[in-house]
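Since the structure is predicted, the reported quantities are computational estimates derived from the model, not experimental observations.
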Amino acid sequence: MNKLWLKISLRFLILLFFVLLSIGFFIADMMKNTYMEMTRNQLFQDANIVSEFINTKDMQKKSKELQKKVESFYAENQPRITIIDPNGDVLADSENNPANMESHANRPEFKKIMKQHKNSAESIRYSETLGFNMMYVATPIKENNDTIGVIRVAFTLQTIDHAIKKLWLSLGLAMGLTLILSSIIAIRLAKGITRPIEDIIQVSRRLTEKDYSSRVRAKTNGELEQLSNAINKLAKSLQHQMEEIRENQQRLTGVLTNMVSGVMLINPEGRIVLVNPAMEKIIGSTAERLTGKLHIEAGKSFELSQLIDRSLKEVVSIHDEVHMYFPKERILDAHLAPYVGVNGGIKGIIIVLHDITEIRRLEKMRSEFVANVSHELKTPVTSLKGFAETLLDGAMYDPEITKSFLTIIHDESERLHRLITDILHLSKIEQHQLPFHPEPLNVIDVIYESIDTIQEEINRKQLTFKLPEKQQQVIIEAEKDRLQQIILNLAANAVTYTPEKGYIEISLHEQEEQIDIIVADSGIGISKEDLPRIFERFYRVDKARSRNSGGTGLGLAIVKHLVESHHGSIHVESEEGKGTKFTITLPKKQK
């Protein structure tokens, strides 16, 4: 029984039932007392009337005249009249023969008159003969202030009992109808009152279930209207606040999701509360697996765990550089900062990790580049300075020495020129300063034009050089100068590092949307240790031989950048002593 209207209606009806029942008892009792009082008065009046007509001489003689008088008055009607002498013997009775009647000396009403000397007496008792209650009233018959007899008047209460029963029946019907009508009215009134309350309760329940769009729709007035308006304002305010919270949460989630830096939130117990996708990549695990774990268990970095413990213990911000070796070696720039609640207590630690591995690698490459440039420039400059000083010291007067030295100076200056040119060219390519103008080209023609440049060296070393068939047509969109430089650099390297009478092949593999240009040789090959670094600037597999051949160490770095400028890729396969194979993949159409 959870319905409020039902509780109110039931309690109202129970109260009404008891009120009506009390009223019914009161009315029935009042009516009964009224009937009894009227009957009593009437009986006393009858007794007084009879006493006026009774002759005392007839009573003393017990004459039949007295019986006839009594019978003449009430023989056919109620009430019953009985004349009793002082000894209790019946002298006359309106219904029965006095001779056949027993003594009435023990009747209560008789005793009150004769023994208690009262002027009137009454009693009500059940008649075994008739089967219903009777009312008896008695008055004394006096002569010279002496009581010479008693007049008793009796009246049946059956009529009154029937009247009371009818009264109760009427009251019962009235009470039933009243209860039914009252039930209908009470239910309608209770529902009218409780409907907005139930609506308010339902809205409140929905608000606790985070349904902030719920509103009180029931029409009310008075205090309920004020309560409904207050609930609606509360719901509207909560909805507005939750929308702001969701919007801010979406912003925060968007920021955290798209951040390149890893973000982790640690609670005061040292357990992970939140990680973003970047942090998942850094740690090498998913947010589901990380959340709830201890930072030292999930992070797998002793350095980072020490910083977290220190920040939690000392409640200080920390900026440091840490190394992480799982899932792979990384150098991380770590920022740790505690965040506190409104009461000033620490709520946890926010950790932001920047992966600076590539930055450190580039810094190292830049440092090595500066060192390599310095070294590469120092050698020809030293040679030029040395031979020039030698000539100035007097060697220029010897024609043969002068010619030899000038030749070396020329070669070194050419080498210096090539080195500076390659550095400037590589710098422009990296900074995208060279304009890119692709055009439809036949790759076969470009290959043949490029090989013509080094044909003399190929013939000198008696190399077997296999090219694609010249009649083929393989058209792609590319810039001719860049494509020639790619093929020429790879072919020249193949010629340089392939021994005499070796084998070199340039082949094409055409696909639907791209082509593969393959340059393979039977040269000295590249070791596994050197393979990952061959595209670095100034990196040489055979340093002495490369420098003697006039190489600058920038060729493959330039090739890689030129291939990438065509939105392509380059791949190398090599085994030391068994040759090398470069595969350049280029799209047929540039986007």
What do the steps show when you test I451 against I506 for side chain to side chain contact (heavy atoms under 4.5 Å, CB included), and what is the final call? CA-CA 10 Å; I451 299 306; I506 299 178; 3.7 Å; yes
Closest approach of P499 to S522 (non-hydrogen atoms, all atoms of both residues): CD-O, 4.2 Å
Heavy-atom pair of closest approach, residues K480 and E439: CB-OE2, 4.1 Å
Report the C-alpha separation of L336 and R310 in whole Å, then their side-chain angles, then the decisive distance to 0.1 Å, and conclude whether the side chain to side chain contact (heavy atoms under 4.5 Å, CB included) test is met. CA-CA 10 Å; L336 293 85; R310 177 185 161 197; over 6 Å; no
Taking the side chain as C-beta and beyond, is there a heavy-atom pair between H335 and D333 under 4.5 Å? yes
Please tell me whether N248 and E244 have a donor and an acceptor in their side chains that are separated by less than 3.5 angstrom. no
Tell me if a side-chain donor or acceptor on Q473 pairs with a main-chain N or O of N442 at a distance below 3.5 Å. no
Any side-chain donor-acceptor pair under 3.5 Å between E329 and H323? no
Validation row: E479, H566 side chains within 4.5 angstrom (heavy atoms): yes
Counting N and O atoms only, with roles assigned by atom type, does the side chain of D211 sit under 3.5 Å from a partner on the main chain of R206, one being a donor and the other an acceptor? no
Pairing donors with acceptors under 3.5 angstrom, does anything connect the side chains of H354 and S261? yes
Nearest 0.5 Å please: distance from the CD1 atom of I349 over to the CD1 atom of I266. 8.5 Å
Min side-chain heavy-atom separation L556-N489 under 4.5 Å: no
Exercise: identify the closest heavy-atom pair between Y448 and E469: OH-C, 4.2 Å
Strictly distance-based, threshold 3.5 Å: is any side-chain N or O of S311 a donor or acceptor partner for the main-chain N or O of S317? no
Any side-chain heavy atom of Y497 within less than 4.5 Å of one from T580? no
Heavy-atom donor-acceptor pair, Y325 side chain to S301 backbone, under 3.5 Å: no
Check against side chain to side chain contact (heavy atoms under 4.5 Å, CB included), R215 and K236: CA-CA 8 Å; R215 296 290 185 275; K236 187 177 181 181; 3.6 Å; yes
Identify the residue among L483, L490, D516, L562 that makes a side-chain contact (heavy atoms from CB on, under 4.5 Å) with I584. L490
I'd like to know whether NZ of K347 has more than 12 heavy-atom contacts from other residues, nucleotides or ligands below 6.0 angstrom. no
Identify the two heavy atoms, one from L304 and one from V322, that lie closest to each other, and give their separation to 0.1 Å. N-CG1, 4.4 Å
Side chains of E513 and Q511 in contact at under 4.5 Å (non-hydrogen atoms): no
Walk me through whether E247 and R251 qualify under salt bridge (Lys or Arg N to Asp or Glu O under 4.0 Å). CA-CA 6 Å; E247 187 175 352; R251 289 175 183 171; 2.6 Å; yes
Between V559 and F582, is there a side-chain heavy-atom distance shorter than 4.5 Å? no
In a check of side chain to side chain donor-acceptor pair (under 3.5 Å) between N459 and each of E456, Q455, K461, E457, which one passes? Q455
If we ignore hydrogens and angles and just use 3.5 Å, is the side chain of S574 paired with the main-chain N or O of G579 as donor and acceptor? yes
Determine whether M264 and I272 make a side-chain contact, defined as any pair of heavy atoms from C-beta on separated by less than 4.5 Å. yes
Contact summary for P268 and L312, nearest pair of heavy atoms: CA-CD2, 4.2 Å
Any salt bridge (Lys or Arg N to Asp or Glu O under 4.0 Å) involving residues 275-295? Give me the pairs, sequence neighbours left out, ordered by first then second residue. none
Taking all heavy atoms of I517 and all of L508, pick out the closest pair and write down the distance. CG1-CD2, 3.6 Å
So, do Q462 and K501 sit near enough that their side-chain heavy atoms are less than 4.5 Å apart? yes
Would you call R246 and E243 a salt bridge, using N to O less than 4.0 angstrom? no
Looking only at atom types and distance, does a side-chain atom of T583 sit under 3.5 Å from a main-chain N or O of I518, one as donor and one as acceptor? no
Using modelled atom types only, decide if a donor and an acceptor are shared between the side chain of Q514 and the backbone of T585 within a distance under 3.5 Å. no
